[in-house]
Amino acid sequence: YISNGKMTLPTMYPLQSFPMITKATGGMGGLWAIAGDTGVGKSVLATHIATDMGQHMPVLFYDFELGIPTIMHRLKIGLGDKFKSMRRSLDKIYFRESIQTLESDLISVPAPAFIVVDSIQQLPTRTEFRRVSMDQWINRMMGLKRLGYHVLMVSEKGRAEYGKARLS
């Protein structure tokens with residue numbers, strides 16, 4: 001972040017559900033991406049991270065695949081006895097099934113807040129300009145980070161990349 005001409009590091013937030021990730025990274029903050037093969041648990045991981053972040057700030061969760069009932073069911077299973085104690089942080093999570101409300105959501109939920117986009121392949125793009133449009137979405141998320149939002153993007157890897165560990 002740049003404030004008054006000085007560069008500062010984003011505030012990092014501990015992930016109680018994932019102490020090893022917190023130790024390795026210093027916590028959640030800024031812009032993150034989770035990518036992986038189909039069915040490896042990317043959405044479940046993102047949901048648990050959102051639950052942890054909901055203890056610190058409001059969360060805007062844009063889900064285009066699972067749906068709210070499925071997310072809540074998976075949280076109940078994953079959290080078990082902790083589900084009731086996590087209820088307060090769940091009250092700060094605003095689930096959306098469309099990115100179309102992003103602009104009005106940002107007005108209602110100012111920074112700092114946490115934004116989850118699951119999955120970026122489902123963002124509306126024009127077919128003939130898919131790459132350009134996806135780049136525009138990623139730039140938009142980077143812009144939100146500069147405004148003080150924390151962003152987590154979830155992405156399925158291309159089939160040609162299945163089983164391979166790469167940053168691409």
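Residue numbers run from 1 in the order of the sequence given.
The shortest side-chain heavy-atom distance between N139 and M142 falls under the 4.5 Å cut-off. Residues M57 and Y13 have side chains in contact (heavy-atom distance under 4.5 Å, counting atoms from C-beta outward). No side-chain heavy atom of K42 sits under 4.5 Å from any side-chain heavy atom of S155.
In this structure, the side-chain contact (heavy atoms from CB on, under 4.5 Å) partners of S98, at least two apart in sequence or on a different chain, are Q100. Residues that satisfy the side-chain contact (heavy atoms from CB on, under 4.5 Å) test with L45, not counting sequence neighbours, are F18, I34, I49. Considering only residues two or more places apart in sequence or on other chains, T101 meets the side chain to side chain donor-acceptor pair (under 3.5 Å) condition with D105. Residues passing the ring pair (Phe, Tyr, Trp, His ring centres under 6.0 Å) test with F61 are F95, sequence neighbours excluded. Scored by the ring pair (Phe, Tyr, Trp, His ring centres under 6.0 Å) test, H48 finds no partners at all (sequence neighbours excluded).
Nearest heavy-atom pair, V154 versus A46, reported as atom, atom and distance to 0.1 Å: CG2-CB, 3.7 Å. Nearest heavy atoms, V109 versus P58: CG1-CB, 3.6 Å. M153 and I138 get closest at one heavy-atom pair: SD-CG1, 4.4 Å.
Distance alone, capped at 3.5 Å, is enough to place a donor-acceptor pair between the Y149 side chain and the L106 backbone.
Remark: of the listed residues D52, T51, T22, D52 is the sole one forming a side chain to side chain contact (heavy atoms under 4.5 Å, CB included) with S17.
Under the 4.5 Å side-chain heavy-atom criterion for Ile, Leu, Val, Met, Phe, Trp and Tyr, V59 and I21 are members of the same hydrophobic cluster.
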Please table the atom pairs, donor to acceptor, closer than 3.5 Å between any side-chain atom in residues 111-118 and protein atoms at least two apart or in another chain.
residue, atom, partner, partner atom, Å
D118, OD1, S43, OG, 3.4
D118, OD2, S43, OG, 2.6

